Amino acid sequence: MTSRWRRSVDELALRGRQRGECERAQEALGRVTSCFQQLAASLGSSADGSFLRDEMDETRNLAQRICRGLSRRLLRLLSDCGPAPSGLEDRQVLDCGPAPSGVEDRQVSERLWVLFLSALETFLSDLRKACDLIGRFPLRQRYDRRALVNTGCVDGVVAVAARVASVQAPWLTLEEEPTPDLTNHITELEAMLSEMQLRVPVAFWSVEATQPAGVEACGGLEGLEGLQEVEDSLEELMEGEIVSRRPACCCLSCVG
Amino acid sequence: MTIRNTLQDHGQRYRPRMACLKKSEKVLLEMQDPKTGLKSQPQRLVITTIPHAITGEDIIAWLADRFQIDTQEARSFGSMLVALGYIYPLQDHKRLVIKPDSSLYRFQTPYFWPTQQWPVEDTDYAIYLAKRNIRKKGILELHEQEHYNRLHKWMNHKWDFIVMQAKEQYRAAKERKKPDRVVFDCQERAYWVVHRPPPGTVTAMDYGLDRQVDPNSDEAITPDFYERIMIFTQQSIMRPRVKSSVSIGALVKYCATYNNHDPFLSRCLPSNPWVTDDVTYWTLNMPCVEIPTKMRVERWTFSFAELLSDTRGRDDFRLFLKKEFSGENLAFWEACEDLKWGEAASIKEKAEHIYKTFLARGAPRWINIDGKTMEVTVKGLKHPHRYVLDPAQTHIYMLMKKDSYGRYQKSPVFKDTVKKAICPDEHRFSCAQLEQNSKKRRPSLSPIILRQMEQEQRAKMAANIDITQLCRFTTPVPHLAVYSGFTDYPTATASPSLTFLAHTPACPSPISVALDSTSVSERRTETGEGEGEGNPAARAQVGGNVSKSRMALSLRRLLKGGCTPGTMFASLSPKCHSAASTSSRIQPISPDQPSQAPPRRTGNFFQIKVDIPPECRIYPIESEDEEEESRVASRGGVGAKEIICPWESLTTQNGTG
């Protein structure tokens, strides 16, 4: 009996470590996907080019490796724990140790699960958009550049790429695979998404936010206060003109 | 040639969804050409300079030149591009219009283009709002704050992800150089102004329901594709044609007639709800409003179809017909509409009902259609389908249109309505009031509630019969009760006698017509096996001069006896027979039915006999109950089914035989 208790404590510790790993990986994934969005926003614009597209490939490769690892670990985490405690099943008591912490365990894991799936969906929609845009603006020939939209962006996205490169994830050094093709990448992610949803039944709505609304507004972004001042004045600059009154009739005569 | 009622489209026509998007994209790409496209200039900000800004007047000039259109149209076109989100204004970013001056615009990056296959996700909007929250330190605009709270509630499960992602995106954006960061922020902001517009603005992205198939995608060329082209072409060839002079004339006439009534082409009194967010116009023009507006009443004079399609107009017309005692035409027409547009399961029952009430010999609300049509209809009723009553309905429609409609417009009823019609004053809202109106917008009543209200109204109408006019010969039947099989009347009410309508004010029966046409002779030779219970009674009545006064059945009897309304109406025939004998007068349709009782009167098919039995008097209906019931009992339950429809014959025969 003592050995069973010890085993369950060990299990708890292991699971705690795994969860920590997953959380860090989740943050890394968030970083990579937001960088990917910045890159994708320049597709088809005057800042588009082969450098941009190479960087995009690198980024999504990284994202793919994180996703694969994360999905595997989350699946393991949640299938180990067994189905959500419903009060009717006894075997989970054996699996997850004493009931109360087992429930908390489960909740934390489910939260990670939901966060990962949301991130996956957002990333997938970005990938689809990128795929479509690359199809529309293939830069195979020189004169294709004429079709690019003059959006005012001229910079390459060097710094963004650097940020991507700085991302650390626990298992990245271990798995080294070539970048899949964009369409294959999308298909793979879709398959991953549906597989995860089928394998483990998780009730999305039972997960709650850990912070109240609006907390992000109250600072907490370290080291950015100075820059923010300048930012605001820029914004004010952009909004130079007073919002003029709306006349009595509809502004847009015939639209759509 | 007239233009038919354009309102009842029933979605039969192809409606493209945002085909303008693909076309706009082409135009936009053309604008990028370094030689023939738009010339851009740098935008000077305090700390930096951002290239590729274009002025409004340049855009308009380029469009006018490229498409060879005038400035006004180029301006509208340009505004459309801005409203769709392909170009965004740098100053006054919330107003999506092109100003024909030196105000600056910029092209939107393709990532933020509005394309139909990329749905606009709420998750992305939540992330954007969180980012704005971070930047503005919690000071969001009112509508943004509302959206934020709503999304926080509904996306609570992924809220952590949203906040995390917002922070990451904020940091990632910071990695870019300052001018690019500004540009990206402007782009993103413009994107959300288009897709989540502040309240009170008109958005160009409203396109109705999503289609399953992308209308802009190329269709796969298969044999099926060509087959459909062939069918379409064949049908086009078979279509009837009209000379263009005629059709154009009709269009011109239509436009001239309706020009003042179009709420967008001319004024809308008191004000156009879509523009001012004030719903007085809709409340004044509700279907069952007491006093209609002048414009509405004027529309009734445009054509008969207009009058009928407007519920209020139809009510007025019904009132007029009631005074003229020819309401059965309208009732029949409405019954046919109900059949046409109703559920498939109820078609047979409704057709039966209509036959018993309007078409059969001796029917309580017999309508006057010519022999040929009657024959065709009756034959068709053997296998009833949705459109079986079309010829008869058309005939009656034309009858009403040519005859009653004209008289209606000269009648006191209509003149009274015209006099009472109101003409509201135009609203003049100030900008502040308009803002307030837009905040006070509320969704309209749910269609479920509206339907319940309609049904209550119908019940009220059906139950609301004038008692003083009660006479089995004169009182009009609430048509709705007749054909809808409406039996939910409150038993407690004293009124409801469901007697039938008389044609002329002189109180004759509408149904004392002998069927003398060939169809009748056909019927006479029929040998009967299926009249069922009706027959013995009928036979008993043959030849006898039964000048008995007819009993009007009360509703209570209807409910007690559990008769179908059809039965009851049949028994209301004023031909002074007892209830049972009615069956003889409603001849069965199929050729193999006997005519047990020859019609009592010979004569012209179209003859309307004025034949009021001497005992006719205005009965208070309730007292008839006991007498009637005893009579029924004496007949030994015969006559429970007075009107036989031929398609029922077999069943009744099996029942009694």
Side-chain angles (χ1 to χ4, degrees), chain A residues 27 30-31 34-35 37-38 40-45 114-115 118-119 122 125 129 133 137 146-155 157 159-160 163 204-205 207-211 213-214 216-218 221 227 231 234 237-241 243-246 248-256, chain B residues 20 28-29 32-34 40 45-46 50-52 76 79-80 83 90-95 97 106-107 109-111 118 121 123 130 133-135 137-138 148-149 152 156-161 163-169 172-177 180 182-184 186 202 204 275 429 431 434:
Chain A
E27 285 169 27
R31 195 163 306 166
S34 42
C35 291
Q37 194 204 39
Q38 279 292 319
S42 302
L43 275 177
S45 73
V114 167
L115 294 186
S118 320
T122 317
S125 77
K129 261 197 205 177
L133 285 174
F137 296 97
R146 259 192 279 149
L148 293 176
V149 183
N150 297 328
T151 55
C153 287
V154 275
D155 179 38
V157 283
V160 179
R163 187 176 172 80
F204 267 64
W205 50 88
V207 175
E208 281 175 18
T210 54
Q211 348 171 22
E216 69 273 4
C218 317
L221 279 184
L227 278 172
E231 295 260 350
L234 264 180
L237 204 83
M238 296 306 304
E239 296 180 302
E241 231 176 78
V243 177
S244 48
R245 306 283 182 106
R246 192 166 72 102
C249 71
C250 161
C251 322
L252 306 168
S253 37
C254 52
V255 185
Chain B
C20 49
L28 211 71
L29 290 176
Q32 308 305 321
D33 194 300
S40 58
L45 296 176
V46 170
I50 306 180
H52 300 147
S76 318
S79 291
M80 188 185 85
L90 295 176
Q91 300 119 344
D92 195 8
H93 66 272
K94 285 197 209 134
R95 270 193 69 203
V97 280
R106 200 172 276 138
F107 295 112
T109 181
Y111 182 77
W118 306 335
E121 301 274 5
T123 317
N133 218 8
I134 296 174
R135 158 164 304 143
K137 301 205 186 67
Y148 184 90
N149 295 339
H152 176 80
N156 201 269
H157 58 278
K158 42 164 112 168
W159 199 256
D160 288 339
F161 159 72
V163 170
M164 237 167 46
Q165 193 74 1
K167 287 188 187 157
E168 287 299 339
Q169 284 188 3
K174 284 215 178 312
E175 298 292 336
R176 309 208 38 192
K177 293 220 185 81
D180 287 343
V182 171
V183 169
F184 180 77
C186 289
V202 181
V275 174
F429 288 124
C431 279
L434 286 172

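Please read all numbers here as calculations on a predicted model, not as lab measurements.
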Practice item. Give the member of B/Met164, B/His157, B/Gln165, B/Gln169 that has the highest number of heavy-atom pairs under 4.5 Å with chain A. Key: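 Max contact count across the listed options: B/His157.
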Check your understanding: Taking B/Ala166, B/Pro110, B/Ala173, B/Pro51 one by one, which has the highest count of heavy-atom pairs under 4.5 Å against chain A?
Key ->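 Top count of heavy-atom pairs under 4.5 Å with chain A: B/Pro110.
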Point to revise | Which portion of B/Ser40 sits near chain A, non-hydrogen atoms under 4.5 angstrom | key: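 No part of it gets close to chain A.
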Point to revise | Side-chain (B/Thr109) to main-chain (A/Ala41) donor-acceptor, under 3.5 angstrom | key: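 At least one qualifying donor-acceptor pair exists.
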Practice item. Look at A/Leu148, A/Thr122, A/Thr210 and state which one has the largest set of heavy-atom pairs under 4.5 Å with chain B. Key: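 Among the listed options, the one with the most contacts to chain B is A/Thr210.
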Review point. For the atom pair CZ (B/Phe184) and CD (A/Gln37), what is the distance rounded to the nearest 0.5 Å?
Key: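 Here the interatomic distance stands at 5.0 Å.
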Point to revise | Approximate separation, where rounding is to 0.5 Å, of B/Asp180 CG and A/Ser42 OG | key: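 So the gap between those two atoms works out to 7.0 Å.
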Review point. Of the backbone (N, CA, C, O) and the side chain (C-beta and beyond), which part of A/Leu43 lies under 4.5 Å from a heavy atom of chain B, both, or neither?
Key: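 Answer is backbone: N, CA, C or O of A/Leu43 sit under 4.5 Å from chain B.
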Exercise for review: Side chain from CB out, backbone as N, CA, C, O: work out which of these in A/Val114 comes under 4.5 Å of a heavy atom of chain B, or both, or neither.
Suggested key: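 Only the side chain of A/Val114 comes within 4.5 Å of chain B.
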Practice item. Give a yes or no on this: more than 12 heavy atoms of other residues, nucleotides or ligands lie within 6.0 Å of atom CD of A/Glu208. Key: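 No, CD of A/Glu208 has 12 or fewer neighbouring heavy atoms, counting only those of other groups under 6.0 Å.
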Review point. Just wondering, do A/Phe137 and B/Leu29 contact through their side chains at under 4.5 Å, heavy atoms?
Key: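 SC-SC contact between B/Leu29 and A/Phe137 confirmed.
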Exercise for review: Report the residues that fulfil side-chain contact (heavy atoms from CB on, under 4.5 Å) with B/Asn149, sequence neighbours left out, ordered by chain and then residue number.
Suggested key: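 Once residues adjacent in sequence are excluded, the partners of B/Asn149 under the side-chain contact (heavy atoms from CB on, under 4.5 Å) criterion are B/Gln145.
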**Study point:** Atom of A/Asn150, atom of B/Gln32 and distance for their closest heavy-atom approach
**Key:**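 The answer is N-OE1, 2.9 Å.
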